Asks: 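This is the structure, below, for whatever I ask next.
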Amino acid sequence: MKETNIYRSHYSVVIVGAGPAGSNLARRIDSKKYDVLLIDGAEQKGDKACGGLLSPDAQDLLAEYDISLPREILVSPQLFSVRTIDLEIEDVQHYRRSYMNIDRAKFDRFLLEMVPDTVDVLRAVCKTVRRHGEGFTLQLKTKDGEKTIHCDYLIGADGANSIVRKCVFPCNKIQKYVAIQQWFEAEQENPYYSCVFDNATSPSCSWIFFKDGNMVFGGAFSSTHCREAFEIQKTKLIEKGIVPAYVFEKPVKTEACMVARPHFLSGICQGDGNAFLIGEAAGFISPSSLEGISFALSSAESLARAFEKGMDGKNIIRYYKNGTRKLCLKVKCKCVKRPFMYNKILRTLILKSGVAAIKMKLQERKV
Ligand SMILES: Cc1cc2nc3c(=O)[nH]c(=O)nc-3n(C[C@H](O)[C@H](O)[C@H](O)COP(=O)(O)OP(=O)(O)OC[C@H]3O[C@@H](n4cnc5c(N)ncnc54)[C@H](O)[C@@H]3O)c2cc1C
């Protein structure tokens, strides 16, 4: 992470978190008008557990910005369909949907590199935030020790476990799950993303896809017995002949983190006054598929525009809430779609009907 050597103790805007939401805001906010500090606590930028799949919505946003991704960010294979696997009714269907398969760490670093030099960047963990009068005081842990920073406007872009949300909006809670992901060496690569449903072990869906010679298996689970549920799913995938047992033998890497999941608009919190939340910290993530990169980029764009239009704290939040109306509607629509994905009877009807499914020309293959 490129760091600014000299930084002050007061900024007009502090952004906590340099994931897609924070980096995009730092790039898009008028940093000549506001003096901006972007902080991130990660030892190495971009080590977040993630599928690294860019949905069509995320691709559209990159197109709107006229950003093309350098070749080194793309990984193989590129994905053209979603294979839906229901472990309970033992049915499989393929649906058309294309994802760009990317190296998430490199993507985050790429976004961070686009932040202009007029923004100060600091590697620091934000330990606490205190609101006082018109501004905020942040207690930071840096490699040189504890630091205190003051600001007029505070932005929490610090993901599912947002410290800004916890400290400034403690009553505004969101449902969270534990996401677990394991990587395994794989001999072959399938050009699709498998979406695995098993109501018995997870209220969400799990996923299997390939990345540069590895098979990634992951899922989101309720926090109690999450690891056990993850292992049960692996056993079921072996028993149903979907993944050969030897593939699961030696994980190359195991990752875990929290993932937010809004329920309609409960859980969404854009902030108020002069404190704002963007990306997953605000609850902007798809409740059906847990895709969040497009939501992070889009909410950051809305806040940058609100800063452009707003003359004081109150106006900015009003413009930001207006600007994220479409995003809120998208969350609502995904919540409406959710029962069709997660209700066993509705899902069975859809899978058996074959509506919108791709007619596969070859026999189903194992991963
Ligand atoms: C296992 C898993 C797989 C996923 N796969 C996909 C996928 O394939 N496609 C997709 O679109 N979405 C996916 N998502 C969702 C997506 O990763 C997130 O929604 C997206 O990264 C949100 O971006 P963000 O910038 O809001 O937050 P984040 O990407 O979480 O970034 C937050 C940043 O804040 C920093 N931070 C956190 N706390 C502090 C602190 N106290 N002090 C300083 N810095 C702090 C972190 O270091 C991090 O850099 C996945 C999520 C999980 C958990």
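All figures in this text were calculated on a predicted structure; none of them were measured in a lab. Order of appearance sets the numbers: ligands from 1, and atoms from 1 within every ligand.
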Asks: Under 3.5 Å between any N/O of Ser294 and any N/O of ligand 1: does that happen in this structure?
Replies: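 In this structure, Ser294 places no N or O atom under 3.5 Å from an N or O of ligand 1.
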Asks: Do Leu277 and Ile285 belong to the same hydrophobic cluster, where Ile, Leu, Val, Met, Phe, Trp and Tyr are linked whenever their side-chain heavy atoms lie under 4.5 Å apart, directly or via other members?
Replies: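 Each belongs to a different hydrophobic cluster.
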Asks: Looking only at non-hydrogen atoms, which of Leu290, Ile293, Asn101, Ile180 approaches atom 13 (C) of ligand 1 most closely?
Replies: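 The nearest heavy atom belongs to Leu290.
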Asks: May I ask you to check if Arg8 and Tyr11 form a cation-pi contact, with NZ or CZ under 6.0 angstrom from the six-membered ring centre and within 45° of the axis?
Replies: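 Judged by the rule, Arg8 and Tyr11 form a cation-pi pair.
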Asks: Between the side chains of Glu301 and Tyr65, does any donor sit under 3.5 Å from an acceptor?
Replies: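 Yes.
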Asks: Using only heavy-atom distances, determine whether the side chains of Asp152 and Ser12 contain a donor-acceptor pair under 3.5 Å.
Replies: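 There is no such pair between these side chains.
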Asks: Can you name the atoms of ligand 1, numbered from 1 with element, that are less than 4.0 Å from a heavy atom of Lys48?
Replies: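 Matching atoms, with element in brackets: 17 (O), 21 (O), 28 (P), 29 (O), 30 (O).
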Asks: Can a non-hydrogen atom of Phe295 be found less than 4.0 Å from any atom of ligand 1?
Replies: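 No heavy atom of Phe295 comes that close to ligand 1.
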Asks: Is the closest N or O pair between Phe284 and ligand 1 shorter than 3.5 Å?
Replies: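 The answer is no, given that Phe284 and ligand 1 share no N or O pair closer than 3.5 Å.
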Asks: Below 4.0 Å from ligand 1: does a non-hydrogen atom of Gly218 turn up there or not?
Replies: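 Gly218: no contact with ligand 1 (<4.0 Å).
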Asks: Relative to the heavy atoms of Ala179, which atoms of ligand 1 are at a distance of less than 4.0 Å?
Replies: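 Checking each atom against Ala179, I get 1 (C), 53 (C).
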Asks: Heavy atom to atom 17 (O) of ligand 1, shortest distance: which of Glu255, Glu291, Arg104, Glu280 holds it?
Replies: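 Among Glu255, Glu291, Arg104, Glu280, the closest heavy atom to atom 17 (O) of ligand 1 comes from Arg104.
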Asks: With a cutoff of 4.0 Å, is Ala157 in contact with ligand 1, counting heavy atoms of the residue only?
Replies: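 A heavy atom of Ala157 does come that close to ligand 1.
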Asks: Taking only heavy atoms of Gly19, which atoms of ligand 1 are found under 4.0 Å from at least one of them?
Replies: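 Selected atoms, number and element: 25 (O), 31 (O), 33 (C), 49 (O).
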Asks: Looking at ligand 1, would Ala58 count as a contact under a 4.0 Å heavy-atom criterion?
Replies: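 No heavy atom of Ala58 comes that close to ligand 1.
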Asks: For ligand 1, which part of Phe209 has a heavy atom less than 4.0 Å away: the side chain, the backbone, both, or neither?
Replies: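 No part of Phe209 is near ligand 1 at this cut-off.
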Asks: Considering only heavy atoms of Ala49, which atoms of ligand 1 have at least one such atom less than 4.0 Å away?
Replies: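 Per the distance check, 1 (C), 2 (C), 52 (C), 53 (C).
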Asks: Step by step, would you call Phe221 with Tyr177 a ring pair (Phe, Tyr, Trp, His ring centres under 6.0 Å)?
Replies: CA-CA 5 Å; Phe221 305 89; Tyr177 293 100; 9.1 Å; no
Asks: Please determine whether the number of non-hydrogen atoms from other residues, nucleotides or ligands lying under 6.0 Å from atom NZ of Lys166 exceeds 12.
Replies: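 Correct, the count exceeds 12.
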Asks: Is the shortest side-chain heavy-atom distance between Asn24 and Met114 below 4.5 Å?
Replies: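 Of all side-chain heavy-atom pairs linking Met114 with Asn24, none is under 4.5 Å.
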Asks: For ligand 1, note which part of Ile163 has a heavy atom under 4.0 Å away: side chain, backbone, both or neither.
Replies: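 Side chain only; the backbone of Ile163 stays clear of ligand 1.
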Asks: Should the proximity of Ala124 to ligand 1, defined as any heavy atom under 4.0 Å, be assigned to the side chain, the backbone, both, or neither?
Replies: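 Backbone only; the side chain of Ala124 stays clear of ligand 1.
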Asks: Ser204 versus Leu290: any side-chain heavy-atom pair under 4.5 Å?
Replies: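 Contact flag for Ser204/Leu290 side chains = yes.
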Asks: Is the distance between the ring centroids of Phe217 and Phe209 under 6.0 Å?
Replies: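 Ring-ring flag for Phe217/Phe209: false, centres at least 6.0 Å apart.
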Asks: Looking at Lys33, I want to see if its NZ is surrounded by more than 12 non-hydrogen atoms of other residues, nucleotides or ligands under 6.0 Å.
Replies: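 Result for NZ/Lys33: enclosed.
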Asks: Output the list of atoms in ligand 1 that are nearer than 4.0 Å to some heavy atom of Leu53, sorted by atom number.
Replies: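 It comes down to these atoms of ligand 1: 7 (C), 8 (O), 9 (N), 10 (C), 11 (O).
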Asks: Evaluate Val125 for polar contact with ligand 1, using N/O atom pairs at a separation under 3.5 Å.
Replies: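 N/O-N/O distance under 3.5 Å: no.
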Asks: Heavy atom to atom 5 (N) of ligand 1, shortest distance: which of Gly51, Ala18, Gly219 holds it?
Replies: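 Among Gly51, Ala18, Gly219, the closest heavy atom to atom 5 (N) of ligand 1 comes from Gly51.
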Asks: Judging by distance only, is a nitrogen or oxygen of Ile278 under 3.5 angstrom from one on ligand 1?
Replies: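 In this structure, Ile278 places no N or O atom under 3.5 Å from an N or O of ligand 1.
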Asks: Under 4.0 Å from ligand 1, counting heavy atoms only, is it the side chain of Cys257, its backbone, both or neither?
Replies: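 Just the side chain.
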Asks: Show which side-chain atoms of residues 229-240 pair as donor or acceptor with protein atoms under 3.5 Å away, not counting sequence neighbours.
Replies:
residue	atom	partner	partner atom	Å
Glu231	OE1	Lys234	NZ	3.2
Glu231	OE2	Arg227	NE	3.2
Glu231	OE2	Arg227	NH2	3.1
Glu231	OE2	Lys234	NZ	3.4
Gln233	OE1	Ser206	OG	2.6
Gln233	NE2	Thr201	OG1	3.0
Gln233	NE2	Ser206	OG	3.4
Lys234	NZ	Gln182	OE1	2.8
Thr235	OG1	Glu231	O	3.0
Lys236	NZ	Asp198	OD1	3.1
Lys236	NZ	Asp198	OD2	2.9
Lys240	NZ	Leu87	O	3.4
Lys240	NZ	Glu90	OE2	2.9

Asks: Show which atoms of ligand 1 fall inside a sub-4.0 Å distance from at least one heavy-atom site of Gln181.
Replies: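 Ligand 1 atoms under the 4.0 Å threshold to Gln181: 1 (C), 3 (C).
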Asks: Would you say the side-chain atoms of Ser288 and Ser286 include a donor-acceptor pair closer than 3.5 Å?
Replies: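 Yes.
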Asks: Is the closest N or O pair between Pro20 and ligand 1 shorter than 3.5 Å?
Replies: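 Yes; at least one N/O pair falls below 3.5 Å.
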Asks: Who gets closest to atom 44 (N) of ligand 1 by heavy atom: Gly41, Ala281, Ala21?
Replies: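 Comparing heavy atoms across Gly41, Ala281, Ala21, the nearest one to atom 44 (N) of ligand 1 lies in Gly41.
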Asks: Taking everything shown except Glu134 itself, do over 12 heavy atoms lie less than 6.0 Å from its CD?
Replies: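 For Glu134, atom CD is not crowded (no more than 12 foreign heavy atoms under 6.0 Å).
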Asks: Tell me every residue that passes side chain to side chain donor-acceptor pair (under 3.5 Å) with Ser302, counting only those two or more places apart in sequence or in another chain.
Replies: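 With sequence neighbours excluded, Ser302 shows a side chain to side chain donor-acceptor pair (under 3.5 Å) to no residue whatsoever.
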Asks: At a 4.0 Å threshold, what atoms of ligand 1 neighbour a non-hydrogen atom of Gly279?
Replies: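 So the answer, numbered in order with elements, is 26 (O).
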Asks: Indicate, as side chain, backbone, both or neither, the part of Ala296 found under 4.0 angstrom from ligand 1 when only non-hydrogen atoms are considered.
Replies: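 Only the side chain of Ala296 comes within reach of ligand 1.
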Asks: Cationic tip of Lys250 within the cone over Phe184's six-membered ring, i.e. under 6.0 Å and within 45° of the normal?
Replies: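 Verdict for Phe184: no cation-pi partner in Lys250.
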Asks: Going by the order shown, which atoms of ligand 1 are within less than 4.0 Å of some heavy atom of Ala42?
Replies: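 Answer, ordered by atom number: 47 (O).
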